[in-house]
Amino acid sequence: KFLPASHDHHRCYPVCQVCQSLVRCCCGRLIAEHVGLYSGLLVHGPGPDEEEWSVLQHTSVSPTDAFGSLDFQGSTKRTCRAKYVRLSCDTPPELLVQLMLREWHMEMPKLVISVHGGTDNFPLSPRVCQAFSTGLITAAESTGAWILTDGINTGVSKYVGDAVKMYGSHDHRKRNVVGIPPWGIIENNSDLIGRDVLRHYQALGNPLSKRASLNGMHSHFLLVDDGTMGKSGCQIDLRKRLERHIHFLKIHPRLPQHVPLVCVVVEGGPAILSVVLEYVRRSSPVPVLVFEGTGRAADLLALIHKQTAEDVLLRIREMFVVDRQEASELLSILMECMEYRELITIFDSESEDLQEADVTILTTSLRGTRASPEEQLNITLAWDRADVAKHNILVYGQQWQVGSLEQTMLDALVMDRVSFVKLLIENGMTMRRFLTISRLEQLYNIHKGSSDHFLRHIIEDAKQTRLPAVYRISLIDIGMVIEYLIGGAYRSTYTRKSFRAMYSRIHNPAKGGKETSSPFSKARKAAPTPETSPSRSHFHRTARIVSLQEGAVVPQDVKSTSNPEFLCTFNDLFVWAVLKHRQEMAMFLWQHGEQAMARAVVACKLYRAMAVEARESNMGDSMAEELKKNSLEFGQLAVDLLDQAFRENERMAMKLLTWEMKDWSNFTCLQMAVSSRLRPFVAHNCTQMLLTDLWMGRLNLSKNSWFKIIASILMPVAIQMLEFKSQAEMSHVPQPQEALQFGWDPGSPGASENFMYGYIRILYSLLYSIYRCLCPWTRKVYDFYTAPVVKFWFHTMAFLGFLMMFSYTVLVRLDEKPNIQECLVITYILTMAAEKAREVLVLEPRKFTKKLKVWFSEYWNINDFMGILLFLVGVSLRWHQETRLASHIVYSLDFIFWSVRLLDLFAVNQHAGPYLTMITKMVNMFYIVVIMAIVLVSFGTSRKSILSPNEDPSWNLLRDVVFQPYWMIFGEVYAGEIDACSNPETCVPGAFLTPFLQAVYLFVQYIIMVNVLIAFFNNVYFDMSSISRKLWKYNRYRYIMTYQEKPWLPPPLILLSHVTLCLSSMWQNLSMVFVSRAEEMAGILVEVAEKISIIQDNMCTLDGHLGQLQDLSALAVDTLNFLSATDNQQQEVARLGQSQPIACRHEQCSHHEGDFFPVCETFDGLNVMTSPQNTVTTGQPLLSSWARSINFITSNILFCYSVDMMDLFWSLLFFFLLAMERNNLMRLAHSIPFTPVSLLGGVEVCIYTLEETEAESSLEDQSSKISTWIQHGRTAVLQPLAHQEVLDGGLRRATKVVCTWAEGDVLKLGSVYVVKSFRPEVVCIWQKVFPISTSLHLCLREIQQQRAAQKLMQRFNQIKPSSVPYSPRFLDVSLLHWRSDGQWLTVEKNMSGHFRKYNNNTGEEISPSSGLEEAILAFSHWTYEYTNRELLVLDLQGVGADLTDPSLIRVDDKSSSGEMAFGPANLGDDAIQSFVLKHTCNSCCKKLGLSGEVTLMSQPEG
């Protein structure tokens, strides 16, 4: 509806062209632009009841007619396209979000950054502009945020567009910058009208136009239309409703938190102040980040926020050019904003100490959520900003409940947040506690992308069945997948009977059972059974890598938590990451835990098998190539690790290759590398040296080894002349099975860790020693014949003899009865068949079908099988006269198979082996042969049919078709038969075609195909010549392992070896029966020993109780004697006090009733002055020690404040109770048997402690005690624990150690201590104050402040009323010198239990929930009042009543030189002022008589 914007009277007719071109409506349009004319309104002037124009009444809503894509022209070289839609100002935000997510395919925002500021162009300094641009884009792209602006090409929106242009990603999916401008102010908005169209838009507008153009770097535009033209403001309400709706959406489907919203202010006019006020006053407040230095509104907010504003009203008038009244209104808005000061953050780009702009934006948004630390951690997890979580959430002092981070860890794994997984592990998350069977299955059943579909496909192939759509993957399925991918004899832990039984117990609560930790760990806890016993592999046992040094002492708590059967649970997650195709996560998990080389080789094998599966299943070339790339990456890691280990320690690297991995089905790294075809790993010098040592055995031969070996085989006496390696030289080589079965090598590592096996090995050792003493030469004989190289030559010589006799057999006539040569041949092949059957039976797979599959995977086994089978057919035919000739023919054909077997013998040679590898590759020409066969058959069939049209059906036709065309390939062209018509008898109709067909055939077959075949051979030769040696090295493993496992006697004598193996197997079974029975007896003995130990403990407890009764009786008698003399003593004290009054300064001397002496404590130094404490020497009568103590106390009373008799009585009682406790400890020490401790484990350190020394006091020459450092430190040996918890703080790092030896009583043997060192950055800061021995100075001051706090706590415990039953105490701290690296540290007793922080060094404290917490918090208040408001003990933390690491806060002394008195945590007056403001007195404070309010100490003037 048209309403004129001007109220002038018009005296013209309704269709006046002048009015239509000049008069505007209230909506901003001209008369001509309206749909209809309302002439009545033009004729009459406005009446008294003039209608007020409004959007709701005078506009109508219609379906949008403008949406599609914008192509910005000339704005930048980058392709800039944006989605846009014209919409009504009252559009529901739900529809907008649905449009943006479903139609525009925008990702769900994890943060909304709403940028507000000036709409007109304004300048920004380069530094501020760069900080704003980089911070905004980094925060948005790293978190997946949406940036909301006005979308126009002026003001702050233009700066946002420039930021996207300079620092934004080229990926359009990551560019989510949404502009929300009014439709009526857009330049050339009529050009955008169209449905689902592509419009070209010029971002540079007309400088004379009052309208604005759209910014070309925005990705989406919401063009808000309220029916007006040229007016702004209609978009504000829609933008608020959209922000509020997005704010209440979930940030991630797995997380319950909402999407954070943050407002960023850059420059801006007066309206921005109202926008800020509206944001902070919402029911769910929105935090505001103000960029200082951008001008106008932003600078005013920063000025008021910093409380440095002067003449604000004048500044407002100058900035906004407004009158005084408007300035006052703006000032009141500013003051209202400052009421929500905590929601406003000021970013000053000029400040050097301020964090980055992106971090400031994110931390500001976190602050506005007002969420708990767990919720904030989830938000940062959705952002994938571990740096923000590390520096703002997971900070020192933040208390986390046990298990509170486990759900976050699960979310991080599911969402593939590698940085967060690393952060959580660094902050104490242990996989043993987190990883359970249910969680692991939950990880496998998370569906995310094509990798999950591929995993289900592999499960279907492994199970050979079709999975339903809602099938839940179990760990047993995963075990089958692992076995399917690795193949061979591999057996996964998830498929073993022990794990299946445990799995069924967990998922069937009726049977009893509780979910346990990692499946790897619990499955390996089961007792050895035939199912779980180590299977035989190429290597029986080798040296194992142990975490502790041999003979090292392990503390009891470590022994109880660690199990040598399993080492870590990262293997489970590592396999999950590999199977789920999460390479980055797999790389991170690979870096944690042990067995790095093994896991790298396993990942290489799994990825390679998955790549083959993807290629065969047509999953796409990209997936197969990516899987192959990941396999090569892990393979290269394995090679690099092997190379590094080989450079550092050659023998240890060789042991790593042959170490059987219990976590991986007792496979070795070398076996897994061969299975995964990791040729660079097998061809490495370390592997080849190991294979060479395996090949030679104990023989020490360098030159002409084959000649010496053959000579020794033919003349066994020559064995004594050969050189053999010592046992030390062969320590890195695994021993063959025979040596362990017969006890030849009793000291080889890798035996079972059961102690009963030790008894059997001792028996073997004794028998072995006796045998060596009786027959010293038998060792050489055994070592010679068990060497693989000797086996090779022995078997080769026997095989050559067999071939000679076989050739003789096939060349002569077969008689009715076999001759000697034929009998030997029959015996040889039959014993060979028995050996092949043994090879099949000893293979690792348990199922016979799998054994056959593994055995037939080798080509030479197929060749031997065919040779044996064909020979058995020939033998069965030779016994009959009619079939004897056929038997001779079968013998002749069978001889070919055994002759070809000779080629495998040449493969061992380093010169002939590479050529055989080339020949093997050249034979693989299947497709070329097929093409040549097609050409041959087509020509041969046509030729035969033309030349012989009248042939009868017979099998000879097939021979005639291929006979002559085949020989034509090799040059025999049958020239006489080319023209069949040269002889009239053979000329048939159509014979003239055969010469032409033969010419074409010879051209294609002889010229093209043969040359292609030659080119193929040539290419293979050149390709293989460069890698043939590497391939030969790779294949060399198979040859050596074949003879490593073979019996040393060749056929037919191999039957003796088979009999020996049977006898040894029977002996091993009998040994196992003996071991099982011995284990049962040992279990009974252990139970009896435990019962005896319990009885001894009860007896010791009873003895202690009797000793206490004796001490209490003596104490009662002595106490009565003391009370009887109290009155006389009190009179003497009063008399002497009147004659010699002495006053002590409160600042220097404070009375310690518990110690019965005055204390002069110098807090600036290291010495703590105390008077000597009486001790009772051994053998001294108790009554005399009492008397001496009483005399000493009465002499010291003269120099102290007045003390009432009840305090003195309780002090004496406390003294005697200490003496009684000391006596009990001495009694228990004599009753406990001494256990020697091994000294082989740990690092030698030096401990310095404080000792009490005599000193002359200035008060009446009375002796006192001073705490001084001992001149010479005491030595101790500390062993760091294998599994460390996260104990680090803000200033220091902590490590748990166990004391394995100590000089004197400086440390307790077997006890766990905590060693603390200052962080390098802290030492670097204080190096300016202490240039020399910085860490020593810091450690001394830390010990000094804990010592001072300890003295104050002792005094607190003495004067507190009896209604406060708790007596907190501080731990003793000593100075430690780590001699190996010259580092100074502190050491203190380890506290076991729930560690709690009661307050920090800034005065913040917890809300007390128990009497102990109230007492500890009251102690801080008490120290402040007791020291006349000069000292304050804060940062109280510990386990229960045991406290450690306090911060002694001292009032700043202006006259001092600024030297640090109490450590780097002393924050001075700021901390005291903060404590005064934040401390809330509790009931314990009232019991101590402290005032209800804490006040600051008045500062002296001047």
Side-chain angles (χ1 to χ4, degrees), residues 89-97 100 108-119 136 139-140 143 145-150 156 178 180 222 224 232-251 255-291 297-298 300-302 304-305 329-347 360-372 375-376 378-380 382-383:
C89 61
D90 56 354
T91 303
E94 297 85 0
L95 295 179
L96 288 180
V97 174
M100 301 167 80
M108 184 66 192
K110 300 178 179 64
L111 172 67
V112 176
I113 305 174
S114 184
V115 182
H116 292 269
T119 56
L136 181 66
T143 61
W146 286 4
I147 303 177
L148 303 184
T149 70
D150 289 336
V156 67
V178 183
I180 311 179
L222 300 177
V224 185
S232 180
C234 61
Q235 81 282 7
I236 297 176
D237 183 64
L238 178 69
R239 182 171 174 178
K240 291 179 182 178
R241 288 188 285 110
L242 179 61
E243 292 172 354
R244 187 178 291 107
H245 178 73
I246 298 177
H247 176 58
F248 286 105
L249 297 177
K250 290 178 64 175
I251 192 172
L255 304 176
Q257 285 71 34
H258 300 300
V259 178
L261 172 64
V262 62
C263 170
V264 176
V265 176
V266 178
E267 211 252 356
I272 295 299
L273 300 179
S274 301
V275 171
V276 172
L277 180 61
E278 193 275 335
Y279 273 122
V280 298
R281 290 178 60 180
R282 288 183 182 178
S283 57
S284 56
V286 177
V288 178
L289 176 64
V290 179
F291 274 84
L300 274 178
L301 287 169
I304 301 296
H305 190 274
E329 294 177 356
L330 293 177
L331 180 59
S332 64
I333 295 176
L334 279 172
M335 293 298 103
E336 290 185 37
C337 291
M338 291 305 111
E339 294 178 3
Y340 306 91
R341 187 185 302 271
E342 68 278 1
L343 293 173
I344 301 176
T345 303
I346 308 300
F347 181 83
T360 306
I361 293 174
L362 299 181
T363 53
T364 302
S365 63
L366 283 178
R367 189 182 304 115
T369 59
R370 297 185 178 180
S372 63
E375 295 174 341
Q376 292 184 0
N378 287 337
I379 294 175
T380 55
W383 293 343

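- Smallest separation of non-hydrogen atoms from Gly269 and Ala297: O-CB, 3.6 Å.
- Contact annotation: the side chain of Val288 never approaches that of Leu343 to less than 4.5 Å [non-hydrogen atoms, C-beta and beyond].
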Test side-chain contact (heavy atoms from CB on, under 4.5 Å) on Phe291 and Val264; report intermediate values, then the result. CA-CA 8 Å; Phe291 274 84; Val264 176; 3.5 Å; yes
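- A heavy-atom distance below 4.5 Å is not found between the side chains of Pro287 and Leu261.
- For the residue pair Ala382 and Leu255, the shortest heavy atom distance occurs at CB-CD1, 3.9 Å.
- Here the CD-CD1 distance, from Glu336 to Ile333, works out to 7.0 Å after rounding to the nearest 0.5 Å.
- In this structure, Thr143 OG1 and Ile379 CD1 are separated by 11.5 Å, a value rounded to the nearest 0.5 Å.
- Between Arg281 and Glu339 there is no salt bridge, since none of the side-chain N atoms of the basic residue sits less than 4.0 Å from a carboxylate O of the acidic one.
- Between Phe248 and His258, the ring planes are perpendicular. Angles over 60° get that label, and only those under 30° would be called parallel.
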Verify side-chain contact (heavy atoms from CB on, under 4.5 Å) between Met108 and Val259, making sure each step is shown before the conclusion. CA-CA 9 Å; Met108 184 66 192; Val259 178; 4.3 Å; yes
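- To the nearest 0.5 Å, the span separating CE on Met335 from CE on Met338 amounts to 7.0 Å.
- Residues Cys337 and Ile344 form a side-chain contact, since some pair of their non-hydrogen atoms from C-beta on lies under 4.5 Å apart.
- The backbone N or O of Lys110 sits less than 3.5 Å from a side-chain atom of Trp383, completing a donor-acceptor pair.
- Between Asp150 and Thr119 there is a side-chain heavy-atom pair separated by less than 4.5 Å.
- Between Gln257 and Thr369 the shortest side-chain heavy-atom distance does not fall below 4.5 Å.
- Not a single donor-acceptor pair under 3.5 Å links the side chain of His305 to the backbone N or O of Thr345.
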Test side-chain contact (heavy atoms from CB on, under 4.5 Å) on Leu222 and Val178 and set out the steps. CA-CA 7 Å; Leu222 300 177; Val178 183; 4.3 Å; yes
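- Within a 6.0 Å sphere centred on CZ of Arg341, other residues, nucleotides and ligands contribute more than 12 heavy atoms.
- The nearest pair of heavy atoms linking Gln235 to Ile180 is CG-O, 3.2 Å.
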Evaluate the side-chain contact (heavy atoms from CB on, under 4.5 Å) criterion for residues Val97 and Leu242: first the C-alpha distance (whole Å), next the side-chain angles of each, then the deciding distance (0.1 Å), finally the verdict. CA-CA 8 Å; Val97 174; Leu242 179 61; 4.0 Å; yes
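- The closest side-chain heavy-atom distance from Glu342 to Arg370 is below 4.5 Å.
- The salt bridge (Lys or Arg N to Asp or Glu O under 4.0 Å) test with Glu243 singles out one residue from Lys240, Arg239, Arg241, and that residue is Arg239.
- Considering all non-hydrogen atoms of both residues, Leu273 and Leu330 come closest at CD1-CD2, 4.1 Å.
- Of the inter-residue distances, the one linking Ile304 atom CD1 with Ile346 atom CD1 reads 10.5 Å to the nearest 0.5 angstrom.
- Taking every heavy atom of both residues into account, Ser365 and Val262 meet most closely at CB-CB, 3.9 Å.
- We find the CG-CD1 distance between Leu111 and Ile147 to be 9.0 Å, quoted to the nearest 0.5 Å.
- A 4.5 Å side-chain heavy-atom check between Val112 and Pro260 finds every atom pair outside the cut-off.
- Counting heavy atoms from C-beta outward, Leu96 and Leu238 have side chains that approach closer than 4.5 Å.
- Of all the heavy atoms in Val286 and Cys263, the pair that sits closest is CG1-N, 4.0 Å.
- Rounding to the nearest 0.5 angstrom, the gap separating the CG atom in Leu300 from the CD1 atom in Ile272 is 12.5 Å.
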